[in-house]
Amino acid sequence: MIKAAGLRTHYCAEVTAQLVGEKASLCGWVNSVRDHGEHLSFVDIRDHTGTVQIVTERNPELRTESAIRAVGVVARRPEGTDNPHIASGEVELREASIELLGPAAVTPFTIGGHTEVEESTRLRYRYLDLRRERMQSNLRTRAKVNQAIRTAMERQGFCEVETPLLWTPTPEGAREFLVPSRLQPGNFYVLPQSPQIAKQLLMVGGFDRYYQIARCLRDEDLRADRQFEFTQLDMEASFVTQHDVRAFITEVIVEVVRATRGAELEGIGQITWFEAMDRYGVDKPDLRFGSPLVDLTELLGQGDIRAFAAPCVKGIKAPTSEPLSRSRLDALVERAKSLGAKGLAWFRVVEGDGGATLESPLAKFLDEQRTAAFIEALGLQVGDLALAVADGWETAVKVLGQIRLDLGRPGLDHSELHFLWVVDFPLFEGLDEDGNPVSAHHPFTMPNEEDFGLLDTDPLRVRSQSYDLVLNGWELGSGSIRIHRGDIQAKIFEVIGIDPDEAASRFGFLLDAFRYGAPPHGGFAFGIDRLAAMMSGEENIREVIAFPKTQSGLDPLTNAPKPVAQGVLDLVGLTVKARR
RNA sequence: GGACCUGUGGUGCAGCUCGGAGUGCACGCCGGCCUGUCAAGCCGGAGGUCGCGGGUUCAAAUCCCGUCAGGUCCGCCA
């Protein structure tokens with residue numbers, strides 16, 4: 001590391017036995033003061049690398065968290081006084097003088113040490129919270145993620161291009177933040193929900209491998225994994241297939257894991273959307289644990305058992321070894337009903353006369369042979385719990401998939417990383433109020449060529465050339481090959497019920513651009529906040545964001561949003577209506 | 001828009017079911033002692049409108065209603 005020429009000669013972690021006898025100048029904050037009378041005081045100085053003990057005279061002015069500079073000589077500690085818990089524990093700074101650079105008032109909470117502090121308090125004093133080890137570590141991990149992304153993208157020949165923050169309203173997708181125009185009063189820009197259209201224009205513009213670490217803004221409700229503003233790796237490439245795009249992104253992920261964990265990731269597995277839904281009941285399966293759904297339609301859905309008379313019967317071996325009480329089971333049944341199932345059947349596997357057998361209100365409907373087949377199909381052993389849902393395919397897999405997650409999550413290992421590609425998403429999901437199919441991704445997503453014929457006959461069965469990247473059950477990002485041909489785009493607009501005039505008014509500039517030699521292209525974007533959170537072992541992206549908003553969209557540090565003066569509103573031609 | 005959880009000295013909690021004086025614990029803060037501690041220790045002290053408003057009651061941190069704030073989730077996030 002290059003030595004700063006300023007007030008500091010070393011960081012705390014560099015102060016080791018190798019420096020004994022040398023003069024050192026350390027800068028940082030007072031972590032703790034231990035006075036032993038007037039003539040002996042231990043002051044721990046802290047920077048982001050660690051702490052060093054300074055031996056000095058008592059100074060009542062030196063309050064915890066004051067910014068200081070300490071100049072002294074690195075010395076071996078007396079026999080028997082080493083501190084094995086810190087890197088500098090064999091030495092201390094002696095003959096030291098401490099310069100008080102920035103005296104500190106009493107802080108609202110402890111910065112060093114192990115005190116838990118409520119998140120709302122941490123956010124109100126975020127500048128102090130940032131000094132704590134957790135945030136120092138998380139934000140530095142995030143910086144490594146950014147660095148690794150740039151390294152991998154540059155290595156693959158991608159060119160970083162910035163796109164506008166002041167963009168044009170597009171009445172599709174997420175709600176946008178409005179920005180009033182001063183020079184054109186009554187007109188508005190919006191902040192981009194993503195650089196999607198801009199990057200497709202860059203493809204027409206010949207930047208055939210583009211990337212950007214891009215801020216995106218969406219005026220939607222906040223969650224543990226969602227803030228108004230978030231950061232994506234946004235990328236797009238021309239003359240590529242979906243396999244190429246996934247290979248580019250896989251390379252990035254490998255580099256990120258290398259930079260943050262020092263581990264070599266052996267590629268990323270792949271599963272189709274249908275298989276993910278059919279086996280795990282979600283399009284972002286968490287594969288840190290097993291318990292896939294098993295099809296029991298043939299075994300149980302023959303109609304002879306009323307509870308299972310349905311088009312689809314799915315079962316799982318519960319992903320928990322904890323024996324569940326009758327009331328817990330009843331709660332599970334209620335949970336299944338609230339998720340839309342008609343019911344939930346449970347079976348405890350117990351030791352019977354002739355080996356394992358089932359204990360359940362429904363056990364009496366299963367003869368010996370079907371009991372054995374049931375146990376076999378789910379791979380059950382004595383002590384296991386099995387659950388089954390009978391319904392339409394979609395309801396059966398979704399309900400059981402959610403219950404699988406409810407039961408499986410508590411035992412998860414947070415240091416484990418399970419990346420997964422989910423491919424072959426359907427092009428449309430459901431119908432709108434006019435009976436037209438709704439684009440699952442966005443209307444520029446290329447259909448799977450094998451399914452072109454279905455666009456007219458059975459559009460809901462058309463697969464798309466789109467793909468998601470999943471990490472431990474979190475959707476990290478998604479991408480697709482885009483439509484670059486006018487005839488296919490016109491066909492899609494026709495299917496989803498957008499007439500040519502409407503298409504022209506909404507996306508005219510993009511469709512115009514595509515008339516001048518549009519290359520085939522596709523891309524991807526993934527959430528850096530979510531990736532950084534996972535790499536930091538955090539379950540909330542606020543922990544990897546320096547200054548986040550609360551769930552109601554307030555900034556606890558600045559108290560934004562706030563009213564503005566009438567004169568400011570006049571400039572942009574706005575009037576604020578009285579609140580109801 | 002909806003469901004659930006939380007709100008008690010500066011910080012983190014307990015107390016709330018079963019109403020009875022602001023009661024307790026840990027950290028921090030203030031004063032004193034202390035020449036080898038390291039989350040220093042010992043002695044003493046200060047600090048609270050129990051988020052806010054209303055109701056029930058002889059009596060409310062505790063029960064009821066409303067409201068605000070924080071969190072988790074549903075809706076929403078092409």
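No hydrogens, no waters, no symmetry mates; every other heavy atom, side chains included, goes into these values. These numbers were taken from a predicted model, which means no experiment stands behind them. Residue numbers begin at 1 in each chain, while the letters A, B, ... track the order of the sequences.
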For [N], does either OP1 or OP2 sit under 4.0 Å from a side-chain N or O belonging to [X]?
X: A:Arg226; N: B:C76; value: no
X: A:Gln193; N: B:C77; value: no
X: A:Arg46; N: B:A39; value: no
X: A:Thr121; N: B:G12; value: yes

More than 12 heavy atoms from other groups under 6.0 Å of CD on A:Gln136: yes
Residue A:Lys549 excluded, over 12 heavy atoms near NZ under 6.0 Å: yes
Any donor-acceptor pair under 3.5 Å linking the side-chain atoms of [Y] with those of [X]?
X: A:Thr231; Y: A:Arg142; answer: yes
X: A:Tyr210; Y: A:Asp234; answer: yes
X: A:Ser32; Y: A:Asp44; answer: yes
X: A:Arg246; Y: A:Gln242; answer: yes

With heavy atoms under 4.0 Å as the rule, sort [X] into base, sugar-phosphate or nothing.
X: A:Arg542; answer: sugar-phosphate
X: A:Gln551; answer: base
X: A:Arg218; answer: sugar-phosphate
X: A:Ser41; answer: nothing

Which residue lies toward the 5' end of RNA chain B, A:Ala224 or A:Glu220, if each is placed at its nearest nucleotide? A:Ala224
How does each nucleotide of nucleotides 25-38 of chain B score, in 5' to 3' order, for protein heavy atoms under 4.0 Å: base (B), sugar-phosphate only (S), or none (-)? ----SS---BSBBB
Quick one: what's the B/S/- string for nucleotides 44-51 of chain B, heavy-atom cutoff under 4.0 Å, read 5' to 3'? --------
Rounded to the Å, how far apart are A:Leu217 CG and B:C77 P? 17 Å
Please report the distance, rounded to the nearest Å, between CH2 in A:Trp474 and C1' in B:C77. 15 Å
Write down the partner of [N] under the Watson-Crick or G-U wobble criteria, each distance required to be under 3.5 Å.
N: B:A3; result: B:U72
N: B:C63; result: B:G55
N: B:C77; result: none
N: B:C25; result: B:G12

Between the protein and nucleotides 3-7 of chain B, which nitrogen or oxygen pairs come in under 3.5 angstrom?
none

side-chain hydrogen bond (donor to acceptor under 3.5 Å, both in side chains) partner of A:Glu236, the single match among A:Gln200, A:Arg482, A:Gln212, A:Gln196: A:Arg482
